[in-house]
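Both ligands and their constituent atoms are indexed starting at 1 by order of listing.
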Amino acid sequence: MSPELLNTDVLIVGKGVSGLILQLLLEKKGIHSILIDKVNSKQNLPLAETIPPSTLEILDKIDLLSVFEAFSTKTYGYQSKWNSSQISDENFFLKGKFNNGLKINKQKISTALAEKSKHIIQIKDISEISIKDSNNSLSVKGLNNKLATINCNLIIDATGRKRHILKQANIDNIEYDKNLAYLCYLPKTGPELKYGFFTESFSNAWGTISDLNETTRIVSLYTTKENKLYKDFKDYIKWNTLLNETSFLKYCMPTKGNFKVFGKQANSSIPSQIVFQNVLSIGDAAMAFNPISSHGISNAIYTAKEAATTIEKHLNGNDKSLKDYEEKMYAIFNEYIRQKEKLFQLH
Ligand SMILES: Cc1cc2nc3c(=O)[nH]c(=O)nc-3n(C[C@H](O)[C@H](O)[C@H](O)COP(=O)(O)OP(=O)(O)OC[C@H]3O[C@@H](n4cnc5c(N)ncnc54)[C@H](O)[C@@H]3O)c2cc1C
């Protein structure tokens, strides 16, 4: 039996926030797309990501604010002790149209976005990719083990830090640091957090605490592979010693019991080409930020919005639109790297 043949304008690979939002925005513009996502055997951990008020303005413009608000709690700032003897209350939340940010439940938001989307296909694997100037095609193995070929004008790499499509096209990864994240779900212990979020820097590392619900907090410790103690971060039993010199974090660590520590990728990186022939990347695939910067979800939303406009122009014959998108993203990432180097100095 010959494989099923599907045709679409845009094939989106990846069902994260970026891929899902892009599909909804394309549909609004009357552009046909198919979204494919690989079934993931790994546990999808809740990260209680925070987004700032400025991102709420973007969500409002693309009519998705209510979806995010339905599965989030409001945050009004954050407290930090960042290379200083003082604990500071950040008040930039008061500057824009909205005076709160959101701490989101990404899993629930993704489900709600997926329910609005049409044409989502869960796949087992991508078996073959053919990227050409005029037409792209991708063969996939479905959940029923049947093969399908999808022909499209554009392929969107929305596969997050995996950059699956860009990697298949041999596009290099440029890494700007060797940051690592270790997270642990802990019962609430010690002081209340004024805004549900606190961050503190300590020797060659940073730590954040974020309230997940009434009883549980996520504590994330960030360090770099250059820290000779980095392997100790994998073991909760060593956290009390690692956090010994902190002035706040140490009081939030249960001293009894052992807890599982999860490692996550956390470096800042960008592909050497964000756009390649008829492939365009969005979200973490386009630019990955150190999670402590709280940029990832905002970047997923922003790049999806920009990509939707770019794709519309491209399909209407504007040859420059893909390159313009790439230049804009490089400019944003370069500015982030400049700021990060100023702010994220290790002591
Ligand atoms: C510890 C930690 C804390 C964080 N905190 C924050 C925060 O406070 N605020 C914030 O804004 N951001 C935060 N982030 C970052 C944020 O979670 C990500 O930037 C964001 O979710 C990226 O979305 P995305 O759509 O680009 O990619 P992803 O969410 O990674 O989605 C990628 C999708 O691609 C699919 N996929 C992968 N490979 C394939 C393939 N071969 N074929 C088909 N499908 C594939 C996957 O199944 C997945 O569905 C944090 C991240 C970490 C690790």
Side-chain angles (χ1 to χ4, degrees), residues 11-23 34-52 54-56 58-59 68 72 75 78 101-107 109-111 113-114 120-129 138-143 150 155-168 179-185 196-197 199 206-212 218-222 261-269 281-304 307:
L11 173 63
I12 304 166
V13 186
K15 204 178 71 166
V17 170
S18 63
L20 286 165
I21 292 186
L22 176 61
Q23 187 171 51
I34 291 176
L35 189 157
I36 57 170
D37 194 77
K38 195 171 162 174
V39 172
N40 194 345
S41 55
K42 276 197 187 157
Q43 205 186 348
N44 217 347
L45 298 170
L47 297 170
E49 288 101 329
T50 54
I51 56 176
S54 52
T55 305
L56 272 53
I58 304 179
L59 285 169
F68 275 69
S72 306
T75 59
Y78 59 80
L102 296 177
K103 188 186 295 225
I104 67 165
N105 182 328
K106 189 170 66 184
Q107 281 74 6
I109 289 172
S110 299
T111 305
L113 293 173
I120 296 184
I121 306 175
Q122 277 315 132
I123 57 161
K124 264 196 178 160
D125 222 338
I126 296 173
S127 9
E128 210 183 302
I129 305 175
L138 211 136
S139 297
V140 295
K141 195 186 209 185
L143 295 184
I150 307 171
I155 299 182
I156 310 302
D157 191 339
T159 61
R161 286 169 177 268
K162 289 207 167 75
R163 300 196 172 127
H164 183 82
I165 305 297
L166 296 174
K167 258 187 210 149
Q168 296 300 309
N179 290 340
L180 302 161
Y182 295 99
L183 46 131
C184 203
Y185 296 85
F197 188 85
T199 181
W206 314 269
T208 64
I209 317 175
S210 181
D211 288 338
L212 185 59
I218 304 178
V219 182
S220 308
L221 301 188
Y222 300 87
V261 175
F262 300 88
K264 285 264 174 195
Q265 271 190 304
N267 63 349
S268 310
S269 71
S281 50
I282 58 172
D284 277 4
M287 319 182 247
F289 301 93
N290 178 343
I292 208 170
S293 68
S294 288
H295 271 27
I297 298 293
S298 303
N299 178 53
I301 298 164
Y302 173 75
T303 52

Quiz question: by atom type and distance under 3.5 Å, do the side chains of [X] and [Y] form a donor-acceptor pair?
{"X": "Ser269", "Y": "Arg161", "value": "no"}
{"X": "Ser210", "Y": "Lys103", "value": "yes"}
{"X": "Thr208", "Y": "Thr199", "value": "no"}

Which ligand 1 atoms does [X] reach within 4.0 Å, using its non-hydrogen atoms?
{"X": "Leu47", "result": "1 (C), 2 (C), 51 (C), 52 (C)"}
{"X": "His164", "result": "41 (N)"}
{"X": "Leu183", "result": "1 (C)"}
{"X": "His295", "result": "11 (O)"}
{"X": "Val13", "result": "42 (N), 43 (C)"}
{"X": "Thr50", "result": "7 (C), 8 (O), 9 (N), 10 (C), 11 (O)"}
{"X": "Ile126", "result": "42 (N)"}
{"X": "Gly14", "result": "33 (C), 34 (O), 35 (C)"}

What pairs with His295 under ring-ring contact (aromatic ring centres under 6.0 Å, His included), at least two apart in sequence or on another chain?
-> Phe289, Tyr336

Which residue holds the protein heavy atom closest to [atom], what is that atom called, and what is the gap in Å?
{"atom": "atom 17 (O) of ligand 1", "answer": "Glu49 OE2, 2.6 Å"}
{"atom": "atom 44 (N) of ligand 1", "answer": "Lys38 N, 3.1 Å"}
{"atom": "atom 31 (O) of ligand 1", "answer": "Gly16 CA, 3.4 Å"}
{"atom": "atom 19 (O) of ligand 1", "answer": "Asp284 OD1, 2.8 Å"}
{"atom": "atom 20 (C) of ligand 1", "answer": "Ile297 CD1, 3.8 Å"}
{"atom": "atom 27 (O) of ligand 1", "answer": "Gly160 CA, 3.6 Å"}
{"atom": "atom 35 (C) of ligand 1", "answer": "Asp37 OD1, 3.1 Å"}
{"atom": "atom 2 (C) of ligand 1", "answer": "Pro291 CB, 3.6 Å"}

Residues passing the side chain to side chain contact (heavy atoms under 4.5 Å, CB included) test with Lys162, sequence neighbours excluded, are Thr159

Please say whether [X] places an N or O atom under 3.5 Å from an N or O atom belonging to ligand 1.
{"X": "Lys264", "value": "no"}
{"X": "Tyr222", "value": "no"}
{"X": "Gln265", "value": "no"}
{"X": "Gly296", "value": "yes"}

Is the number of heavy atoms from other residues, nucleotides or ligands under 6.0 Å of Lys167 NZ greater than 12?
-> yes

Over 12 non-hydrogen atoms of neighbours within 6.0 angstrom of CD in Glu128 | no

Begin from the C-alpha positions of Gln122 and Ile36 and carry the test side chain to side chain contact (heavy atoms under 4.5 Å, CB included) through to its verdict.
-> CA-CA 6 Å; Gln122 277 315 132; Ile36 57 170; over 6 Å; no

Note, Val219 side chain near Leu183 side chain (heavy atom, < 4.5 Å) | no

Would you check if the side chain of Lys38 reaches a backbone N or O of Ile126 as a donor-acceptor pair within less than 3.5 Å?
-> no

Side chain of Asn290, backbone of Asn267: donor and acceptor closer than 3.5 Å?
-> no

Is there a heavy atom in Ala158 that sits closer than 4.0 Å to ligand 1?
-> yes

Heavy-atom contact under 4.0 Å between Lys103 and ligand 1?
-> no

Please name the residue in the list Ile51, Thr50, Leu47 that meets the side chain to side chain contact (heavy atoms under 4.5 Å, CB included) test with Ile104.
-> Ile51

Atom OG in Ser18, atom CG in Asp284: separation rounded to 0.5 Å?
-> 7.5 Å

Of the backbone atoms (N, CA, C, O) and the side-chain heavy atoms from C-beta on, which set of Asp125 has a member under 4.0 Å from an atom of ligand 1: side chain, backbone, both, or neither?
-> neither

